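Accompanying notes for the structure given below.
Residues: numbered from 1 along the sequence shown. For ligands, and for the atoms within them, numbers begin at 1 and follow the listed sequence. On a predicted model such as this, the values are computed, not experimentally measured, just so you know.
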Amino acid sequence: MSKIKTKFVCQECGSEASKWLGRCPGCGEWNTMAEEVAVKKSEARLTAAPAPKPRPINMVDTSAMPRLLTGISEFDRVIGGGIVPGALLLIGGDPGIGKSTLLLQVAAGIANTYGPVLYISGEESAAQIKIRAERLGKISNNLLIFTENNLETIVLEALQQKPAFVIIDSIQTMFSPEIPSAPGSVGQVRESTGKLMRFAKESGIPTAIIGHVTKDGNIAGPRLLEHMVDVVLYFEGERSYAFRVLRAIKNRFGSTNESGIFSMEEHGLAEVANPSGLLLAERPQGAPGSVVLAYLEGVRSLLIEIQALVSTTCFGMPRRMAAGLDYNRLILLLAVLEKRVGLMLANQDAYVNAVGGFKIAEPAADLPVALAIVSSFRNIAVDSSTVVMGEVGLTGEVRMISRAEARITEAAALGFKRFVIPAGNLSGLKLPRTAGLDIIGVASVSEAMEAVFV
Ligand code: TYD
Ligand code: MG
């Protein structure tokens, strides 16, 4: 009897080795190599359709590719104007963030217009899904629930049913019997995704895969899946807040600049028409330490309040805390304020929070964070009709940011009158000369302080 051939695969990055290694040669992680049986992949085609032949590009027929609209306009926009036939989508996000809820709503939307949708769940029972669908008010005869983990059975069933859309919830619970390792391992996840990709491409049925994100932010450990699929969406948010952002990380059929904003309500996810208004609803007026930032989420401009609290420390080491912002960026800004502006912050605790649960990773937040800290430190409020934006450099200079116009326009629509922006953005600004907008260009943090604290 021939010996079964095995290989060792890194559960983080998918690197392979013929023998066990303590440290993965690919990503350098320790103790991630797991033994898997080396299986020769069967490349048999799933359908009886003839194998494609090379042909001139202008002979390719695209007329039969109308995009499926889900009826959830935020979702349709993020994926580039509807789901393309044969596309394989990956929706990633933290457990419990609302991926199943979103996809159930998408499924119901498609089922209403285009016919049966196959919702395959390896995580929840059919009854659980029904209860959720009832709660969402999305019960439809066209919504087929299939609780199964074996991918071979799933593909056979899907080929037979010929639904308009297939949803796999989640890829970590699926397994392919050809591979002996457990569901959720790199080998299984990769093999299952490969099978689903062949299914989607050959049948032309668009398929969505839900993937849980590991603690370091990768889908199923490896980023391997991201290059296999056509569209990668991340569903993000802070679980204790209602806001959720759907972001396109990769899209073969559209731009990755779009993002959709939802709010998790009692009856499922609702589209938010005016997120800035909601985010600023509870803003205190005339309170020191509060500054409004015009933040760019994809191509969408959002107004977010930055709050800072600076108080004298009771201990030897001052505490610094950043919620919704990068901690290291906060430390850097405190150092700039200390050295370039001359504020004595070494004996001050500093807490900074981006209100609403958004994770802000944009340099334009630097200046508002710095001004919020100064405002709290000096106990002087910033005028509540002011919006601040700008990147801060290590010498205390304020650097240019992208799409200043879009940010100003959004803020002006909500009644903001004063804008503190980088001096470099001032010349290129093409705004209609509408009355009453006071736009101030600043070249350094000190200038910004002069403009704000008069
Ligand atoms: P779920 O879609 O199960 O998350 P995931 O599939 O990403 O793990 O949703 C999880 C949370 O959403 C759950 O904890 C409760 C909340 N939720 C609502 O607030 N309202 C609703 O109508 C639904 C269905 C869920
Ligand atoms: Mg789920």
query = Residues in salt bridge (Lys or Arg N to Asp or Glu O under 4.0 Å) with Arg244, at least two apart?
reply = none
task = Mark yes when over 12 heavy atoms from residues, nucleotides or ligands other than Arg77 sit less than 6.0 Å from its CZ; otherwise mark no.
result = yes
Neighbouring protein N, O or S atoms of the Mg ion (ligand 2) [cut-off: under 2.8 Å, no waters] = Ser100 OG
key: Arg407 and Glu410 ion-paired at < 4.0 Å   = no
task = Answer yes if the side chains of Gln285 and Ser384 hold a donor-acceptor pair under 3.5 Å, and no otherwise.
result = yes
task = For ligand 1, would you mind listing the residues that have at least one heavy atom less than 4.0 Å away, ordered by chain and number?
result = Asp94, Pro95, Gly96, Ile97, Gly98, Lys99, Ser100, Thr101, Arg132, Arg135, Leu136, Met264, Glu265, Glu266, His267, Gly268
ask   = Can a salt bridge be assigned to the pair Arg283 and Glu305 using a cut-off of 4.0 Å between side-chain N and carboxylate O?
value = no
query = Judged by modelled atom types alone, do Thr70 and Asp76 share a side-chain donor-acceptor pair under 3.5 Å?
reply = yes
task = Only counting residues at least two apart or in another chain, list the ones meeting side chain to side chain contact (heavy atoms under 4.5 Å, CB included) with Pro183.
result = Phe175
inquiry  = Is the ring pair Phe243/Phe358 parallel, tilted or perpendicular, if the boundaries are 30 and 60 degrees?
reply    = tilted
task = Could you tell me whether Glu16 and Arg190 have a side-chain N and a carboxylate O separated by less than 4.0 Å?
result = yes
